[in-house]
Amino acid sequence: MMLEIKDLFISYGAIRAVKGISFTVEKGEIITLIGANGAGKTTTLKTISGLLRPESGSIKFKGQEISNTAPHKIVELGICQVPEGRGIFTNLTVQENLTLATYTRRKQKEELKKDFERVYHIFPRLFERRRQPAATLSGGEQQMLAVGRSLMTDGELLLLDEPSMGLAPVLVDEIFRVIKEINTMGTTILLVEQNAYKALEIANRAYVLETGHVAVSGFAADLKDDEIVKKAYLGG
Amino acid sequence: MKKLTNKAVLFAILGLVVVYGIVTILHQNHILNDYIMRIIILMMINAILAVSLNLINGFTGLFSVGHAGFMITGGYVAGFITTLVFKVTAETPYYQALPMFVIAILAAGAVSALVGFLIGLPVLRLSDDYLAIVTIGFGEIIRVIFNFISFKVDKGGWVQDVGGPRGLSGIPLLSNFTLVMIVFVLTIIIIRNFIYSRHGRACIAIRENEVAAHLMGINITKYKVMAFVLGSTFAGVAGALLAHIIQMLHPTMGGFMKSVEYLIMVYLGGMGSISGSVIAAFGLTAVSEFLRPIGELRMVLYGVLLIILMLKMPAGLMGRKEFPFLVPLKERQIHAKN
Amino acid sequence: MLKIDHLTHYFGGLKAVEDFSIDIQPRQMIGLIGPNGAGKTTIFNLITGVYKPTQGHVYFDGEDLTGFKPWRITQHGIVRTFQNIRLFSTMSVIENIMVAHHFRMKAGLLASILRLPSFIKEERETREMAAKLADIFGLSDVLETPAGSLPYGRQRRVEIVRALVTEPKLLLLDEPAAGMNPKEALELLALIKKIAEDFKLTILLIEHQMPVVMGVAERIHVLDFGRTIAVGTPKEIQNHPKVIEAYLGEGAKL
Amino acid sequence: MEVFLSQFIFGIQRGTIYALIALGYTMVYGVVRLINFAYGEVFMLGALFSFFIIQLMPLPPVLNVIVALLVPMALCAILGLAMDTVAYKPLRAKPRLAALITAIGVSFFLSNLVSYIGPDSVRTVSVLLFATAGLVILMTLSQKLFNFPKVPKSTGINWLKRSIMVGSLCLLGAVAWIAKPALALLRWKGSSFTAFPVDKLFEVVKYPIFGSVYITNVQIVIIIVAVVLMVALSFLVNRTMLGMAMRASKNNKEAVSLMGINVNSVIAFTFIIGTALAGAAGVLSAITYPRITAFMGIQPGLKAFIAAVLGGIGSIEGAMVGGIIMGLAEQFAIGLAPSSFGAAHIDFTPLAEGISFAILIVVLLLRPQGIFGEPPQDKV
Amino acid sequence: EKKDGDSAAPAPTEVRIGIVAPITGDAATFGISTRNGAQLYFDQVNAAGGINGMTIRTFVEDDKGDPAEGANAWSKLIDQDKVVTIVGTVMSKVSLAGAPISQNKGIPMISPTSTNPAVTLVGDYVFRACFIDPFQGLVAAKYATQTMNVRRAAVLYDAGNDYTKGLAEVFRDEFIKMGGEIVAFESYATGTSDFNAQLVKINAVAPDVLFLPNYYNDVGLIAKQARAMGISAQFLGGDGWDSPDLFTIGGTAIEGGIFSNHFTAESTLPAAQAFVRDYEARYGQKPDALAALAYEAAMIVVDSIRRAGSIDPTAIRDAMATTNMETITGRITFDASRNPIKGAVLLEVRNGAAVYKATVNP
Ligand SMILES: Nc1ncnc2c1ncn2[C@@H]1O[C@H](COP(=O)(O)OP(=O)(O)OP(=O)(O)O)[C@@H](O)[C@H]1O
Ligand SMILES: Nc1ncnc2c1ncn2[C@@H]1O[C@H](COP(=O)(O)OP(=O)(O)OP(=O)(O)O)[C@@H](O)[C@H]1O
Ligand SMILES: [Mg+2]
Ligand SMILES: [Mg+2]
């Protein structure tokens, strides 16, 4: 079991955003969380990566409780996140953005080189722009950078928060292709998406969140054809 | 007649009258001595300064660190008018001096407003720290100018140097409890009504997101300047009152460290809370006064107090909350929810 | 109604928009699509006066608005929403909406400070109007909530309401459906159609979710690298080889 | 000509001191965006520590210079770390201006404490420190005994923290208690102005350049130090991983932690460097203008802020250039102001003080982000 | 207001006296000297049995060098602590804020060091213990033109300080009147530590005399920078120079400087010698001019109360106006404007100490 979430409650001050979520992620899977706006998806991801503290409940990563661990320690353990809104460092160049993600493992020179090669192989666009300040990248390029950067931290579990938001259709396809590719290269993925069709297409299993609860869960393929899910989230 | 249901305002008015009555009676019976009265007056003057700075920094989201400059501008103008133009002295009967003082206060407000306008127009396009620096700069320039301007005045046979580092002395004592309280209450009412109008909303919108405000049809330059000028006006008025209780003006009273004092009041009270500014101004004035017995450790302790208060309440004492009577009825539910 | 003439804009050496022209008639709904970084948002910024164009002109109702300050353009009846939501986040939803009505209100400084009856009346009317509009967008339950703590999708709705109370003639929507799931996007689409009808609006829409654009736009302009590469009906655009190559992708299915 | 050259050299001297102070300031300022009001106090303490060391340790001159510079830098760095931990770190996620007020608090606290501490009063301070330690113990005990609900879960760490706090308070108290004779010996009188014993460090030597124009070894040293520091800092910020992390922290702290970087450590490190630099600036400034008091930091603190903003917030080169520009502007404003003008002997020099502010305002109005600053990137 | 029961009460056993000084803030150096000087004398009087059997109780208040704070201090002392006399304060601008309150309430005050002529003009309850600017400026100008016999003088003063500005202007006017020429008249901002810009200008006109009417800490630095630059003019100054720190800050640069002062440690007056001795014993340092003047002000106050034979403020005031006593600086009386009529001494800096040179009487 890679990640195990149990009875997670999370609040912003008096507002309770997540009300008892439980789910699991197995090694090698792509799991997707889908659900309406404000269902608590981002909140859940932020809590897993340590940016928020849960009110109660447990988060176990490879059997280790991490709900009270600092974000940078969690990254060291092997969880990396592409936050909502990308969070790239606009005042750094593309190359610097990628380099910074290797902060914790500065010593492994050859390995690093390989990692750079891998990222630039997946995103040739980034290679073209490696000397440019990230601020000047287009939205899609920034999203690629954010994903590429998270790959550089060499985590086993990648949390993606709406990677396709605001991207042109070509790029949406591209991003999902890359996610699949990363997954086949051995990274486990927890994907939060609004684009439920696509997410369900590449995922193994899915959880549907509704105002802080898990409403439905199951195999992605099944959910895609589930009438209720269709009606509620796929608009069809 | 919905308006009459605003009970909090009624209670506030009642409270005000009662407080005024009690203080006056206690003073007349020597239970509150002149010293305490002076501190109360200073508390109110500082509150005017804090609230008016809050309008600029807290509500409009500008970052001005030159408030003391506007304060002494008003002080000098008013002091100059009463002392050198109208030649009011300690012997002038109060009923004669009062109208002259009122003129002086109005003139002080007007001149400070003008200075605020002239400074505000070019500089308000800068944002945060850059604006801070420029307002510090202008505050200091105002101080430097007052430090520079000096002239001689014939005082009944004795030629006296006035201005410059000698300051302006011989200002009559005209700020009394009643007058200062009236100005204080008026200031609060005006600023409160301003904030809870479309104009105030525009200012707050600018604080929240300048670009969006701009694109919602708000002339941001106009409103920034308006807030700045309104703030400076009250600073000038406060300066006039202050001059006529300290009876002395000196360029250093408009310096950077003084501006910082008012800044502390605003942030300690809570950015964007009139109530907070009043509480902080009252509190800090009283605390720094009543810490006197510990002598040299006073400022050391004052520093520690600031640190602890801010650590415990990072949004200031009141955050953005207001006393109910400072919020018009309609808006009140919103504040209740926040 | 809106006529843009050979608009060009540079950022330093970068040509963000090049020779862009468009002519929009009243009550039309036009789509603007293109790859990321094609210059779509920049065009909105040029129309609304956030940037001054390097070359070209923007005419609205026959008047040349080029170089006007943003607030003046809004007052002329052009209003927009933002790609990255820009609400007044600590203000409540209703205040957010009321702010946008600012320049339609009349109460002067003095009337406001004295709280004259005229002021109170206007304030009440604005509040009621704002509440009514919020209701149409399903925001009644959050009127008093600080806008910043709403979930993304509802924030987008607040933005649209806020834009509407400026009583615009032309509404520019910059990716209004971003961050919505397909169902929500389709609901929004219906809503946009409805308000366009009710408020007699002209709409220029940027959107990456094809079902939305194709569902509302009667004509679509496609940009790439600042240049217009195609103009046409949704049908034409869908099958335009250049558009498929640059934007939709081979596997585009709608 | 000679006058002009002299003014120019002294202007560079003045500006270099400003630049030295501004370098450390702009580092911290650039990363945390904190207007560190207490920066001037660290500057003052740098000079003061150096003073103590010189009085305490009569070393051979060359060694003396090094010790008198490095030890204060180290002490200031520790102080900077302490300041960050106590007063700024808890407010990191809070509105930026909250930390401004605690910074003002720290500034008041330090300057007035130094002014207060002298042979007569140091024992009072000692008692106060012990009393505070006692208070902390009492509060902890009462929390334990009456089981107040507020005791956090991770009591272990809390106990450790409190023990360290009480321990250091007691240690400081003990130091303060025995410091009385030491202070007397050092001739430190608290509130008083004190001469900084430059002559114990080295002799001032003049090298003539042209006519009566000369340059001194002190001037050469401070210019070299400033340039070296600027280059080193520039390298640190732009070329190293740590510098990258600093720049990234300024942009998006949350995302930095998602890179597996401890943001707080990065910021603490920034503070350490910044305050060490302030300490160094204090020492060098005291060597140039050998007079120290508890309140000597206020003006340089303000000037450093101005120089940093003038040069562009966070820009190392900007701090340097900003400092030099201010120095030269002030020097020439004073140099050119007519004094004793006309029959009434009007002295315009006091206006020169305002002219440097005026120049600042003009520069900022023309270039709102400062000379080397990046324009704000608020993409609509 | 002072009526409540006072007259019916038994004979008072204590005399309440206020001391106001800038004890904190950037003028703390001056404030603490002032407080120490005054406190020392009051304590000595108490140790010797008090005034007419009454002990003195002092109330010390801090004014931070700020007029508003000063006015508060005055008001507190008078309205709350019910003092009968106030010794204070250092800066003229603050004394000017306190003086109207003293005058209004009829509580006499004596400022040890406020030299602005306007202070005592506030009213007949306001006194001072120092000479005002015109006298010292005159002394320096006379010394330069008559004793040194030079014609070219330069002045460098603190433009933010009324004391130094006043002195500078009087010196300038007197020096010109006596046939001299002011070749440079320069000023600097309060708190400056770099005086090179002004000194370069002064150096360019090569004056014979450089008049520095500033406080010792500035003078020390100025002297250093001036000598380093090669300015060889004679340094002249006033009582602001008087502090042992002048020599530590100024070092060898200040050697040979001449300044006027209220008294000299070499004074043969037993009171002066005792003062210096006692002060050093108690505070571990030599007194500066501010301490001496505060001590002197305290002497005047105690003497006035003794002679008034009562602690009625008006009686004390009346007695003070007719002061004619020996203090640590010699005999002192007040003129009609309540400024002291007293002599000055000229001192010269030699081997890190101020050495007596001459006495100048008004
Ligand atoms: N900073 C905040 N303060 C208060 N409430 C918040 C905050 N951030 C989120 N919330 C609330 O928490 C709930 C869950 O929000 P969250 O962002 O996790 O939703 P989401 O599922 O990611 O939605 P979306 O698809 O819009 O990104 C929402 O009701 C939201 O209003
Ligand atoms: N303020 C700016 N400074 C420099 N370059 C900019 C600026 N704003 C936009 N650009 C550049 O101009 C180009 C067009 O940007 P624009 O935001 O208009 O794209 P867009 O079509 O809206 O893309 P998206 O669909 O990703 O929002 C991009 O290459 C962008 O990087
Ligand atoms: Mg989300
Ligand atoms: Mg865009």
Side-chain angles (χ1 to χ4, degrees), chain A residues 12-15 17 34-43 84-86 125 129 132-133 135-144 161-162 164-177 192-201 208-209 211-212 229-236, chain C residues 11-14 16 33-41 83-85 142 145-146 148-157 174-175 177-190 206-213 222-225 243-254:
Chain A
Y12 294 98
I15 306 165
I34 54 178
N37 284 132
K41 306 181 292 293
T42 301
T43 309
E84 193 173 45
R86 301 162 195 160
R125 266 301 256 285
R129 324 230 143 183
Q132 239 167 282
T136 62
L137 297 185
S138 83
E141 290 160 357
Q142 291 191 350
Q143 190 70 58
M144 292 176 194
D161 198 347
E162 302 205 25
S164 75
M165 178 154 64
L167 294 190
V170 233
L171 283 173
V172 175
D173 293 344
E174 177 76 8
I175 285 281
F176 277 100
R177 186 187 62 70
V192 162
E193 250 308 328
Q194 286 292 3
N195 198 333
Y197 289 116
K198 301 252 177 198
L200 290 175
E201 234 162 58
V208 179
L209 262 51
T211 58
V229 174
K230 254 186 178 170
K231 227 183 171 132
Y233 303 103
L234 304 179
Chain C
F11 288 111
L14 177 83
I33 61 173
N36 297 104
K40 305 179 294 293
T41 301
Q83 183 171 358
N84 332 317
I85 297 180
V142 289
T145 313
S149 63
L150 292 181
Y152 216 71
R154 297 193 101 178
Q155 293 196 12
R156 287 232 169 265
R157 285 166 184 251
D174 197 346
E175 299 196 28
M180 294 190 178
N181 65 38
K183 175 173 177 265
E184 291 167 328
L186 290 177
E187 283 169 9
L188 183 77
L189 169 77
I206 299 178
E207 185 52 68
H208 286 305
Q209 295 208 24
M210 284 308 106
V212 178
V213 202
V222 189
L223 290 180
D224 193 16
F225 293 110
V243 179
I244 291 176
E245 191 206 326
Y247 183 66
L248 294 173
E250 294 298 341
K253 19 178 200 206
L254 294 163

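Note that these values count all heavy atoms, side chains included, but never hydrogens, waters or copies made by symmetry. Numbers restart at 1 for each chain; the letters A, B, ... are given by sequence-line order, proteins then strands. This is a predicted model, so every value here is computed, not measured.
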Answer with side chain, backbone, both or neither: which region of L171(A) has an atom nearer than 4.5 Å to a non-hydrogen atom of chain C? side chain
Check each atom of A246(C) against the heavy atoms of chain A and say whether the ones under 4.5 Å are side chain, backbone, both or neither. backbone
State whether the side chain of N36(C) and the backbone N or O of G166(A) hold a donor-acceptor pair below 3.5 Å, judged by distance alone. yes
Are there more than 12 heavy atoms of other residues, nucleotides or ligands under 6.0 Å from atom CD of Q132(A)? yes
For A196(A) versus P182(C), what's the shortest heavy-atom pair and its separation? N-CD, 4.2 Å
Considering all heavy atoms of both residues, which atom of Q194(A) and which atom of E184(C) are nearest to each other, and what is their separation? OE1-OE1, 4.2 Å
Compare every heavy atom of G34(C) with every heavy atom of A168(A), then report the nearest pair and how far apart it is. CB-O, 4.5 Å
